[in-house]
Amino acid sequence: MVPEYVRGVVNLRGNVVPVIDLPVRFGWKASPVNKRTCIVIVEISASDDDSTSIEMGIVIDRVDEVIDIPTEDIGGAPSFGAKVRTDFISGMGKVNDQFVVLLNSDKVLSVAELSKLEQTAGAV
């Protein structure tokens, strides 16, 4: 009885961590699993005052590299029109003369949904 975008849970250093299929969360098809598929662990604020957080796994297609983007190379989120939820985007980063979309991980799931996930993980 969890949302369809919850793929399951993983054991991370003795903690049960829910795993989310991000494309399904956005209303797309489920991610196909192949040899490059990864689970990235992120820490999400579970309250508005950032006093508590939970770890969550996100299923992604692949990881090419992990980089730090200097603050001066990050711009605001552009307006994509009415059909795109820009609250999921924290900004646009510039890397090697290309733009990358920066996901706002705290907004991808609402506080209410995070609470459901935390209760689900605790019940497993």
Side-chain angles (χ1 to χ4, degrees):
M1 294 187 359
V2 297
E4 68 180 47
Y5 54 82
V6 177
R7 291 286 285 261
V9 296
V10 294
N11 180 339
L12 180 67
R13 295 184 295 275
N15 294 320
V16 177
V17 177
V19 177
I20 306 303
D21 191 326
L22 210 49
V24 176
R25 171 66 179 112
F26 292 139
W28 304 330
K29 296 187 321 183
S31 300
V33 176
N34 60 48
K35 64 181 183 176
R36 296 205 36 133
T37 301
C38 301
I39 297 174
V40 173
I41 304 297
V42 295
E43 190 173 293
I44 307 290
S45 296
S47 63
D48 291 334
D49 63 2
D50 292 335
S51 63
T52 58
S53 62
I54 63 170
E55 291 177 328
M56 184 175 307
I58 306 290
V59 175
I60 60 170
D61 297 333
R62 68 180 193 264
V63 173
D64 290 325
E65 67 180 309
V66 177
I67 58 172
D68 287 322
I69 302 174
T71 305
E72 59 270 11
D73 290 340
I74 298 175
S79 174
F80 288 105
K83 292 188 177 187
V84 175
R85 290 193 55 181
T86 56
D87 59 325
F88 286 164
I89 301 171
S90 66
M92 299 292 290
K94 190 173 182 182
V95 178
N96 299 328
D97 294 324
Q98 295 185 348
F99 288 101
V100 293
V101 177
L102 304 176
L103 191 64
N104 184 337
S105 58
D106 286 340
K107 296 288 183 176
V108 170
L109 299 171
S110 71
V111 172
E113 288 170 318
L114 287 171
S115 176
K116 280 187 213 174
L117 290 175
E118 190 172 56
Q119 291 169 359
T120 300
V124 172

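The structure displayed is predicted, hence computed values, not measured ones. Any value given below was found using the heavy atoms of this structure, including those in side chains, with hydrogens, waters and symmetry copies removed.
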Exercise. Which pairs pass side chain to side chain donor-acceptor pair (under 3.5 Å) with one or both residues in residues 68-77, sequence neighbours excluded?
Worked result: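 Listed once each, the pairs would be none.
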Exercise. Considering all heavy atoms of both residues, which atom of I20 and which atom of M56 are nearest to each other, and what is their separation?
Worked result: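 Minimum heavy-atom separation between I20 and M56: CG1-SD, 3.4 Å.
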Problem set entry | Heavy-atom closest pair, residues P18 and V9 |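 Minimum heavy-atom separation between P18 and V9: CA-CG1, 4.0 Å.
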For this session: Treat each ILVMFWY residue as a node, draw an edge where side-chain heavy atoms are under 4.5 Å apart, and state whether V6 and W28 are in one component.
Result: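 Linked within one cluster.
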For this session: Would you mind listing the cluster partners of I74? Hydrophobic ones only (ILVMFWY), side-chain contacts under 4.5 Å, chaining allowed.
Result: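 I67, I69, V95, V100, L102, all in the cluster of I74.
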For this session: Kindly state each residue pair satisfying salt bridge (Lys or Arg N to Asp or Glu O under 4.0 Å) with at least one member in residues 7-21, sequence neighbours excluded.
Result: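 Of all non-adjacent pairs touching residues 7-21, those that pass salt bridge (Lys or Arg N to Asp or Glu O under 4.0 Å) are R7-D21, R13-E55.
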For this session: Determine which pairs satisfy salt bridge (Lys or Arg N to Asp or Glu O under 4.0 Å) with at least one residue from residues 31-44, sequence neighbours left out, and list them in order.
Result: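 Every salt bridge (Lys or Arg N to Asp or Glu O under 4.0 Å) pair that includes a residue of residues 31-44, provided the two are not neighbours, is R36-D64.
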Problem set entry | Residues which pass side-chain contact (heavy atoms from CB on, under 4.5 Å) with V40, listed by chain and number, not counting sequence neighbours |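 Counting only residues at least two positions away or on another chain, V40 forms a side-chain contact (heavy atoms from CB on, under 4.5 Å) with V42, I60, V63.
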For this session: Determine, step by step, whether L103 and L22 satisfy the side-chain contact (heavy atoms from CB on, under 4.5 Å) criterion, reporting the C-alpha distance in whole Å, the side-chain angles of both residues, the deciding distance to 0.1 Å, and the verdict.
Result: CA-CA 11 Å; L103 191 64; L22 210 49; 3.6 Å; yes
